[in-house]
Undergrad: 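So that we are looking at the same thing, I have put the structure below in structure tokens.
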Amino acid sequence: MGKIILHGRKVVGGCVEGEALVTTETISGWGGIDPKEGTIIDLRHELAGEKFAGKVLVYQGAKGSSGWSGQFHEARLNNVAPLAMVFNETTTKIALGAVVTRVPAVTDLDQDPTKVIATGDWVKVDGDNGIVEVTKK
Amino acid sequence: MGKIILHGRKVVGGCVEGEALVTTETISGWGGIDPKEGTIIDLRHELAGEKFAGKVLVYQGAKGSSGWSGQFHEARLNNVAPLAMVFNETTTKIALGAVVTRVPAVTDLDQDPTKVIATGDWVKVDGDNGIVEVTKK
Amino acid sequence: MYLRDDEKAMLDGKEGLAVQKAMEMLVRYGEALGAEKLVDTNNVGGYMIADKVQMERFGSFNKVFSELSIDSDTAIEFPKVKVGSCQFETPMDPDYYHLAGKTKEDYDLYQKNMEFLANMGIQLMCTCTPYQVGNVPVKGEHCAWMESSAVVYINSVLGARTNCEGRESTTSAMLTGKIPYWGYHIPENRLGTHLVEVECDIKTAKDWGLLGYYVGKIVQDKVPVINNIKHNPAMDMIKHFGAAAASAGGIEMYHIPGITAEANSLQDAFGKNKPRELITFGKKEKEETYEILNSIGKKTEVDFVMLGCPHYSIDQIWNLCKMIEGKKVKDGVNFWVFAAQSIKDLAVRNGFEKIINDFGGLLMRDCCPALGRFKPEGSTVMATDSAKQGHYLPNMTGIEAWYGSTQECVDAAVTGRWGGKL
Amino acid sequence: MYLRDDEKAMLDGKEGLAVQKAMEMLVRYGEALGAEKLVDTNNVGGYMIADKVQMERFGSFNKVFSELSIDSDTAIEFPKVKVGSCQFETPMDPDYYHLAGKTKEDYDLYQKNMEFLANMGIQLMCTCTPYQVGNVPVKGEHCAWMESSAVVYINSVLGARTNCEGRESTTSAMLTGKIPYWGYHIPENRLGTHLVEVECDIKTAKDWGLLGYYVGKIVQDKVPVINNIKHNPAMDMIKHFGAAAASAGGIEMYHIPGITAEANSLQDAFGKNKPRELITFGKKEKEETYEILNSIGKKTEVDFVMLGCPHYSIDQIWNLCKMIEGKKVKDGVNFWVFAAQSIKDLAVRNGFEKIINDFGGLLMRDCCPALGRFKPEGSTVMATDSAKQGHYLPNMTGIEAWYGSTQECVDAAVTGRWGGKL
Ligand code: F3S
Ligand code: F3S
């Protein structure tokens, strides 16, 4: 299968590649993830129970509490952070969270990544240049 | 000398007559009067030191603290209240104060009473009909 | 005055004698105002403190408050309040009553008074700044508050609606949930009447006090619109501005476009009104106001520093601590800081009270010297960072007063000498 | 991102290592946002609490906070804060730590943590509602606050300007007095994006919670304009509305014409924006939202009642007392009410805590179960009057949750059974 290349804006630099975990919904930090296990714990979320640790997390954006950055910061310290972040909506929660998670992060893409990318796809995230390369599974 | 008759609005009913004490300035209750002596204690007031007890108090209106009614209420209890009140500016402070002082009170007169009436003039205040009769001294 | 069925029922005694007497008071008051009707309120701030003289005259709290708080010759037994109600500032700090020249007897009466209020469900905030301790009315909310500085604050900064009430109207409102629909409850009365063009820099709390005092003196009891403010004021600055304006005059509402709740623009502030008067506040007016506020002061040997009028916020206490840490008050100078109990509790938790005590000062609660008519024994010259306190305390206690910045007051406490200047 | 000279100086280390590291964090953050510059702030609300695990991992408060509060690998020694700063809610009540499953060791760490914060000059408000205990920002004031319900409150109701910050950005702001000029600091970003027509009666706090939860879920992180509100909300209702909206979505700002600070009209609310979407909230939407909020509840045997999210005001405590006086909680039901310490102090002074204790409940301070990840030992079914708590606690602790009015929660406490309905 061919690659799909999306262009966006750098949020955090760096370059990684890995398997995608995708949701069209926003994600809560506080009350939304378990920073020890690297899982989504929001009982009303479409990804409830899923593990984001080591995945390229593709999602709509951040929602809920200001503890968003703190939870992802903890996840990094516990080595269960996502590999990279690709999202649609930039808020202070998600920007700060991406910065302190210290993983490549890209936003403002020329296509909606939650529609183009599916869970399980292989994704390369070039944070510095704002490029997301998708190899469909 | 002829009488001058002013027409206004009832604030508190009743009918009395007595000597006027006049000021073009507003009067403070709290910090402005001594409710035990019936005097004006505001050091920056044109009537500083003057005794209003038993006088028809003719003035611009009430200013300053919400303790306005309380001070005049106290003055009544100490039998040093003005005999009546005639004023230009109606505020909640002055209306409440007039009510609890329980003296005839009139406002919204067809002429400025602080200009027509002078300290020492003999004044009849008919609160019920809103009439102020002035006999110049 | 038009009365609704529930109001008529109260007036007829259907909710008991206390509510009936309260409603009678409100009707007398409403008619004196020429109000068309009453309005519902769920937020009343009043004053129900009996002093020793009043207690001796009347014999019981019920009797004192029947006369003094609802203007009733008939003694009633006070039931629980009907709506959210708080007690404003009181005449003494129960921990330091002796410094206010009060006795153990006064203290005991005070404690019983507090118990009486608590039993009525009146919130014992005991401050002139309820909006700093949990009572923060929402824009459009009909309130019935006393305390001129609090009234002007909630009307202007928060967009709530209250007139400057008195003890008799507020206690009546506590029992009925009603207040006359008059004055600042009515939208058109809240529009600006005077335009104040600010032609000098207003940056500090001292500047805001001078501006407020000047505006209050000129505008008296109308609604000024303050234009050309270049620096967004913090809460404590705008609190001070309103308190000064309400002391020099009777300001109960003002607008500052972009800052006060109802004015996003000059046009919002004036609505259909044309300014009656254009007032300028420039260097000259600032100097004149400074002179007026310092006109009661002659001697420069300061023996009393009063801070916290309106009651200090925790920010003000923190800023003060930064000024005094490691220093000492001059022997013979009383350094009193006033705050709400809640704010004092926080200051204790934060170690700020200790800094004030180590400096040689006291952090007092519940009261102020103007309201309680007290000053440190023997003191003759006060320094204060409050235009309002500087306006009132000389009238109350005969003390001389210097008005300046907080820093100038601290310096005066350390040196024993006033060196303030514009 | 453009930096001013004072900001460059901080970045160069001219104000010390701590300020430098903080400025570095802010630059990384500002660039991630795509902000053009930083803005000055004098009002920061953050979170600097270290738990046992963090303390064990890092070894000292300075090291914990270097990593977790300013995202620095280099350990710094924290100086005093530069601007007015407060601590938001914490994970435990120091008086009842054992009920949160915490040990004496946790307690000792907490007390040392509080001491560390006090020494930095951080105001120990320890609440999610600083605006109820003295920190009431003025319209237009640039703040840097955490706590989604507090952020939405000060932006909307008071007209202050903050984004929903995190612990790393707020501590950095405390040390520098700076925050990125982005999002809700910029006037055009504060304008409405969605129109919500309210087609049913919104009168009670329960109604406001349902409206907020629905709006948050639909609008997510844009700016809704709520139209056709017929009853002026009290502070506690609007507090609840915002908290619900910020939990179901990421609402940081909304407008209600005539009620919120910047919207005197629909036109003010939208400015040059055209609504992107028209949303209606009627009986059907209300019912749907009620079902979603009660979807985690199956069993009706309530063993835990949680009230005070956001932290209860003194009015809420008073209203609660009127509901519980003379009654008793059913054996086996834990009845916990949460408030700021200042509000609790006032409740104690007023005798309200005693009423709660006599009922068989506890008035807790400083914390909440969602933030502290705790619940009464063995409890499995919670009733709450908070849409936010009902949204979060099941995720945090696995507890089942029923959402309803305060009265329904009290009834559940007395009977041990949930009987709430719309
Ligand atoms: S009541 Fe408060 S506003 Fe000043 S005069 Fe007393 S501290
Ligand atoms: S922080 Fe406050 S807003 Fe609720 S979830 Fe906890 S009581």
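Numbered from 1 within each chain, the chains take letters A, B, ... in sequence-line order.
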Undergrad: Under 4.5 Å heavy-atom distance to chain C, tell me which part of B:Ser28 shows up: side chain, backbone, both or neither.
TA: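 Only the side chain of B:Ser28 comes within 4.5 Å of chain C.
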
Undergrad: So how far is it from B:Ser69 OG to C:Tyr47 OH, rounded to the nearest 0.5 Å?
TA: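 Answer rounded to 0.5 Å: 12.0 Å.
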
Undergrad: Below 4.5 Å from any heavy atom of chain B, which atoms of C:Leu393 appear? Answer side chain, backbone, both or neither.
TA: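 For C:Leu393, neither part sits under 4.5 Å from chain B.
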
Undergrad: Does any N or O in the side chain of C:Asn395 come within less than 3.5 Å of the main-chain N or O of B:Gly31, such that one atom is a donor and the other an acceptor?
TA: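 Yes, because the side chain of C:Asn395 sits within donor-acceptor range (under 3.5 Å) of the backbone of B:Gly31.
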
Undergrad: Select, from C:Val53, C:Ile251, C:Asp73, the one with the greatest count of heavy-atom pairs under 4.5 Å involving chain B.
TA: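 Ranked by contacts with chain B, first place is C:Asp73.
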
Undergrad: Got a second to check how far B:Thr92's OG1 is from C:Tyr184's OH, nearest 0.5 Å?
TA: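 The OG1 atom of B:Thr92 sits 8.5 Å away from the OH atom of C:Tyr184.
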
Undergrad: Which atoms of B:Ile94 are under 4.5 Å from chain C, going by heavy atoms: the side chain, the backbone, both sets, or neither?
TA: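 For B:Ile94, no heavy atom lies under 4.5 Å from chain C.
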
Undergrad: Could you check whether any side-chain N or O of C:Arg57 sits under 3.5 Å from a backbone N or O of B:Leu77, counting only pairs where one atom can act as donor and the other as acceptor?
TA: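 The answer is yes, because a donor-acceptor pair under 3.5 Å joins these two groups.
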
Undergrad: Indicate the atoms forming the closest heavy-atom contact of C:Tyr29 with B:Val99, along with that distance.
TA: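 That closest heavy-atom pairing would be CA-CG2, 4.1 Å.
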
Undergrad: When heavy-atom pairs shorter than 4.5 Å are enumerated against chain B, which of C:Ala370, C:Gly216, C:Ala245 gives the highest number?
TA: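 So the answer, after comparing C:Ala370, C:Gly216, C:Ala245, is C:Ala370.
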
Undergrad: Checking heavy atoms, do the side chain of B:Ile33, its backbone, both or neither come under 4.5 Å from chain C?
TA: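 For B:Ile33, the backbone is the part near chain C, not the side chain.
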
Undergrad: What distance do C:Asp71 atom CG and B:Arg102 atom CZ have between them, rounded to the nearest 0.5 Å?
TA: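 That separation rounds to 4.5 Å.
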
Undergrad: So, using ring-ring contact (aromatic ring centres under 6.0 Å, His included) as the criterion, who are the partners of C:Tyr213 when residues are at least two apart?
TA: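 Partners of C:Tyr213 under the ring-ring contact (aromatic ring centres under 6.0 Å, His included) test: C:His391.
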
Undergrad: Would you mind checking which part of C:Asn163 comes under 4.5 Å of any heavy atom in chain B, side chain (CB onward), backbone (N, CA, C, O), both or neither?
TA: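 Backbone plus side chain of C:Asn163, per the 4.5 Å heavy-atom cut-off to chain B.
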
Undergrad: So does B:Asp42 get a backbone contact from the side chain of C:Tyr392, meaning a donor-acceptor N/O pair under 3.5 Å?
TA: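 Flag not set: sc C:Tyr392 to bb B:Asp42 has no pair under 3.5 Å.
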
Undergrad: Considering only heavy atoms from C-beta outward, does the side chain of C:Ile296 approach that of B:Leu43 to under 4.5 Å?
TA: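 The answer is yes; the side chains approach within 4.5 Å.
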
Undergrad: I need the contact set between residues 144-155 of chain C and chain B: heavy-atom distance under 4.5 Å, sorted by residue number.
TA: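 C:Met146, C:Glu147, C:Ser148 fall under the 4.5 Å cut-off.
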
Undergrad: Is there a side-chain contact between B:Arg44 and C:Ser295 (heavy atoms, below 4.5 Å)?
TA: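 Contact flag for B:Arg44/C:Ser295 side chains = yes.
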
Undergrad: Where on C:Ser169 is there a heavy atom nearer than 4.5 Å to chain B: the side chain, the backbone, both, or neither?
TA: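 C:Ser169 touches chain B through backbone and side-chain heavy atoms alike.
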
Undergrad: Let me know if B:Glu25 has heavy atoms under 4.5 Å from chain C in its side chain, its backbone, both or neither.
TA: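 For B:Glu25, no heavy atom lies under 4.5 Å from chain C.
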
Undergrad: Check for me whether C:Arg373 meets the cation-pi criterion with B:Trp30, that is, NZ or CZ under 6.0 Å from the six-membered ring centre and within 45 degrees of the ring axis.
TA: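 Yes, cation above the ring, under 6.0 Å and within 45°.
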
Undergrad: Indicate yes or no: at least one non-hydrogen side-chain atom of C:Met25 is less than 4.5 angstrom from one of B:Val100.
TA: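 They are in side-chain contact.
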
Undergrad: Please flag which part of C:Gln220 lies under 4.5 Å from any non-hydrogen atom of chain B: side chain, backbone, both or neither.
TA: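 When you check distances to chain B, only side chain atoms of C:Gln220 fall under 4.5 Å.
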
Undergrad: Shorter than 4.5 Å, heavy atoms on both sides: which option in C:Arg28, C:Glu252, C:Gln54, C:Glu168 has the most such pairs with chain B?
TA: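 With the most close heavy-atom pairs to chain B, the winner is C:Glu168.
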
Undergrad: Of the backbone (N, CA, C, O) and the side chain (C-beta and beyond), which part of C:Lys217 lies under 4.5 Å from a heavy atom of chain B, both, or neither?
TA: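 Neither the backbone nor the side chain of C:Lys217 comes within 4.5 Å of chain B.
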
Undergrad: Got B:Val12 and C:Glu31 here, is their nearest side-chain heavy-atom distance under 4.5 Å?
TA: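 No, every pair of side-chain atoms sits at 4.5 Å or beyond.
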
Undergrad: Which residue out of C:Ala35, C:Pro180, C:Gly249 racks up the most heavy-atom pairs below 4.5 Å with chain B?
TA: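 Result: the option with the highest number of such pairs is C:Gly249.
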
Undergrad: Can you see whether B:Ser66 engages C:Glu165 through a side-chain donor-acceptor pair at a distance of less than 3.5 angstrom?
TA: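 Side-chain D/A pair, B:Ser66 to C:Glu165: absent.
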
Undergrad: Hey, does the side chain of B:His73 reach the backbone of C:Glu67 with a donor-acceptor pair shorter than 3.5 angstrom?
TA: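 At least one qualifying donor-acceptor pair exists.
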
